[in-house]
Amino acid sequence: MHGRSDVAGLVEHLNDRGFIHQISDPGLERMLEQQRTACYAGFDPSDSSLHLGHLIPIIGLMHFQRYGHRPIAVIGGATGMIGDPSGRDRERTLMSIDLIRSHERSIQRQLEHFLNFDDTETGAIMVNNYDWTHPYSYLDFLREIGKHFSVNTMISKESVRMRLESRDQGISYTEFSYQILQAFDFHHLWKTNGCKVQIGGSDQWGNITAGIDLNRRLGGEQLYGITFPLLMTASGRKFGKSEGNAVWLDPIRTKPYELFQYFIQTDDKDVIRFLKLFTFLDLKEIAELEILVRDEPQTREAQKILASEVTRLIHGEAGLQTADGSTRILFGDEPICNYTDSILNRVFSDTPSGNLPKEHLEQDLTVVNAMVASGMCGSKGEARRLVSSGGFYINNIRETDPTRILTVNDLASDTIMVLRSGKKRYFIIRFSG
RNA sequence: GGGGAGAUACCCAAGCGGCCAAAGGGGGCAGACUGUAAAUCUGUUGGCUGACGCCUUCGGAGGUUCGAAUCCUCCUCUCCCCA
């Protein structure tokens, strides 16, 4: 616990750090200063891992906890069975129940380590909306909850309207009903945990306000919502994508090293904004870094701190150490030689690789053949082009002769050869005896 | 149901009998410059080959021709207009 409940101004704090896109009601600020409440964010089990996009609501919850409120992480076991139409231009395919349940377990494990689940008043709790949605019968739900929703309002929500206007996609009754379920969650959490705040991405606005309205109709208190801005990078790409793929929190799917790299490559124009969002550094410290970015951008101090902080937050100190160690080998500019297999295996554990019998090194393995065998190049022509353009390296030493015969002297360790294309695309070949 | 337009490589898009492995742009991959940045400039972007060259590719199946992405027939799909 970081006892910060004495510090007023959570909303102001969040706003200064760039978390706030919309607030449902200006009264939120005063309410949060006058009472302890709970704040929830929902996480859909649509995949077996959370990704960087989920980090914003997670850190949002952490800020609430630091300011003396109880964070509630809601696993969308029920809503995940239905499919949120928000931000989707087409109907989703329903996932099997088994798959949803298994996703729930894995994202639950991921969420556990970001929040304190102690027994205090600000201890986080994790719940699954399946638990309170599932017992309802269809008829009871329609009578007790559905009656409070006007279809006229429901079809005016952005997520639904977009799909109604799209001629060929449309929207199923199932997805249309989604907002009712999420609204019911908010009401339920208010009733059972006194939760008065929901946070989420900007696409969640309609769902959040649906919950606020429902609670009012059922005679409950005034509830509040905050949405976060949609994060874009300065170059106009969606934040959290690397080569089109999501950057995952799961260390198997995205290695700590790759996560570290993702952030170290942050654009100067983005790095300060991201430091505010993804780290807990004081704004004062961040302001100093901002000056450094302006005066000495080449040191990339801000990027290094951002990458370290986020890697530590997600993968812990040990994860940061391996990421940092790998970075030194990969970007140290030294030839890679005289290493042990075990060190290189760790550094390159997620690197695409190929296997070859060790005898090939005694025969006629050419540079070009090695490039194709490792999977680095799809054809010999492509391999030759790469070498002649000067973008190919073996063990970090530029290789210029595509026909050279490789020998054991070209190994970086007992059995591993490290190939590199351009500045940072690595491939390795393991030579098995 | 009637009428029209179209389907080309990762994407968009030119080509409309041989000079087409197919213009141009985007994207990708490299190089230079840099800070593992941005911008810019350069090269490259079907396969095999050291190279001549050969092989596969222009929605699908046939056909005409010495020769077809280009012409003909049928089929499949997409879009637009009118009912």
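A, B, ... follow the sequence lines: proteins, then strands. Residue 1 opens every chain.
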What about the rings of A/Phe19 and A/His13, do their centers lie closer together than 6.0 Å? no
Requested in this report: Can you tell me, in whole Å, how much space there is between the C1' of B/rU34 and that of B/rC48?
Outcome: 39 Å
Side-chain contact check for A/Ser389: nearest option of B/rU45, B/rA30, B/rG35 is B/rA30
Residue pairs meeting ring pair (Phe, Tyr, Trp, His ring centres under 6.0 Å), one or both in residues 398-433 of chain A, sequence neighbours left out, come to A/Phe348-A/Tyr426
- Message: Strictly below 4.0 Å: does A/Ser421 bring a side-chain N or O up to OP1 or OP2 of B/rA30?
- Response: yes
| On a whole-Å scale, what distance lies between the C1' atoms belonging to B/rC55 and B/rA21? | 11 Å
Scanning all shown strands, the Watson-Crick or wobble mate of B/rG43 with both distances under 3.5 Å is B/rC29
ask   = Given the C1' atoms of B/rA69 and B/rC33, what is the spacing between them in whole Å?
value = 42 Å
A/Lys424 atom NZ is separated from B/rC29 atom C1', nearest whole Å, by 13 Å
Residues A/Pro402 and A/Arg384: closest non-hydrogen pair is CB-CG, 4.2 Å
Ranking B/rG35, B/rC48, B/rG31 by distance to the side chain of A/Arg398, first place goes to B/rG31
As its Watson-Crick or G-U partner within any shown strand, both distances under 3.5 Å, B/rG35 has none
Partner of B/rA14 under the Watson-Crick or G-U wobble criteria, both distances under 3.5 Å, comes out as none
Q. Thinking salt bridges, do A/Lys255 and A/Glu258 make one under a 4.0 Å N-O criterion?
A. no
Atom CD1 of A/Ile272 and atom P of B/rA37 are separated, to the nearest Å, by 18 Å
* What interatomic distance, in whole Å, is found between C1' of B/rC58 and the corresponding atom of B/rA68? -> 11 Å
note: A/Gln298, atom CD; B/rA38, atom C1'; distance rounded to Å ~ 14 Å
Q. Heavy atoms under 4.0 Å, any strand shown: does A/Tyr262 hit a base, just sugar-phosphate, or nothing?
A. nothing
Taken to the nearest whole Å, CG/A/Asp268 to C1'/B/rA39 is 12 Å
Rounded to whole Å, the CG-P distance (A/Leu386 to B/rG31) equals 8 Å
Classify the side chain of A/Gln261 and the base of B/rU36 as holding, or not holding, a donor-acceptor pair under 3.5 Å. yes
Across all chains, not counting sequence neighbours, the side-chain contact (heavy atoms from CB on, under 4.5 Å) partners of A/His315 are A/Pro251, A/Pro256, A/Leu259, A/Thr311
Checklist line | A/Gln204 and A/Asn207: side chain donor to acceptor below 3.5 Å | finding: yes
Tell me whether the side-chain N or O atoms of A/Lys423 pair up with the base of B/rU34 as donor and acceptor below 3.5 Å, since no angle test is needed here.
yes
Practice item. Considering only atom C1', compute the distance from B/rA9 to B/rA22 and round it to an integer number of Å. Key: 9 Å
A/Arg420 CZ to B/rU36 P, in whole Å, measures 11 Å
Between A/Gly381 and A/Thr327, the residue closer to the 5' end of RNA chain B by nearest nucleotide is A/Thr327
Exercise for the section: For B/rG31, take OP1 and OP2 only and decide whether either is under 4.0 Å from a side-chain N or O of A/Tyr393. Expected result: yes
Note: for A/Phe331 and A/Val372 on RNA chain B, the residue whose nearest nucleotide lies more 5' is A/Phe331
Next on the checklist: Between A/Asp414 and A/Lys358, does any side-chain N to carboxylate O distance fall below 4.0 Å?
Outcome noted: no
Atom pairs under 3.5 Å, N or O on each side, protein against nucleotides 50-54 of chain B: can you list them with distances?
unit_1	atom_1	unit_2	atom_2	d
B/rG50	OP2	A/Arg384	NH2	3.2

Which whole number of Å gives the distance between the C1' atom of B/rG2 and that of B/rU70?
-> 30 Å
A/Glu382 atom CD is separated from B/rU49 atom C1', nearest whole Å, by 17 Å
Winner on side-chain proximity to A/Lys269, out of B/rA38, B/rU44, B/rC29, is B/rA38
Is it true that A/Asp410 and A/Arg404 make a salt bridge, defined as a side-chain N closer than 4.0 Å to a carboxylate O? yes
In Watson-Crick or G-U wobble terms, with both distances under 3.5 Å, the base opposite B/rC77 is B/rG6
A/Arg300 vs B/rU36: side-chain N/O to OP1/OP2 distance below 4.0 Å:
yes
Mate of B/rU57 across any strand shown (Watson-Crick or G-U wobble, both atom pairs under 3.5 Å) is none
>> What's the gap between B/rG43 and B/rG24 when it is taken at their P atoms, as a whole Å value?
In response: 11 Å
Note to self: Closer than 4.0 angstrom, basic N to acidic O: yes or no for A/Arg30 and A/Glu33?
What the structure shows: no
Which of B/rG35, B/rC48, B/rC29 is nearest the side chain of A/Ser379? It is B/rC48
Paired to B/rG1 by Watson-Crick or G-U wobble criteria (both distances under 3.5 Å) is B/rC82
A/Arg385 atom CZ is separated from B/rG47 atom C1', nearest whole Å, by 10 Å
### Query
Will you find, in the side chains of A/Glu334 and A/Asn396, an N or O donor that is under 3.5 Å from an N or O acceptor?
no
Provide the distance between the two P atoms, one in B/rA7 and one in B/rA39, to the nearest whole Å. 34 Å
Out of B/rU36, B/rA30, B/rA37, minimum distance to the side chain of A/Asp267 belongs to B/rA37
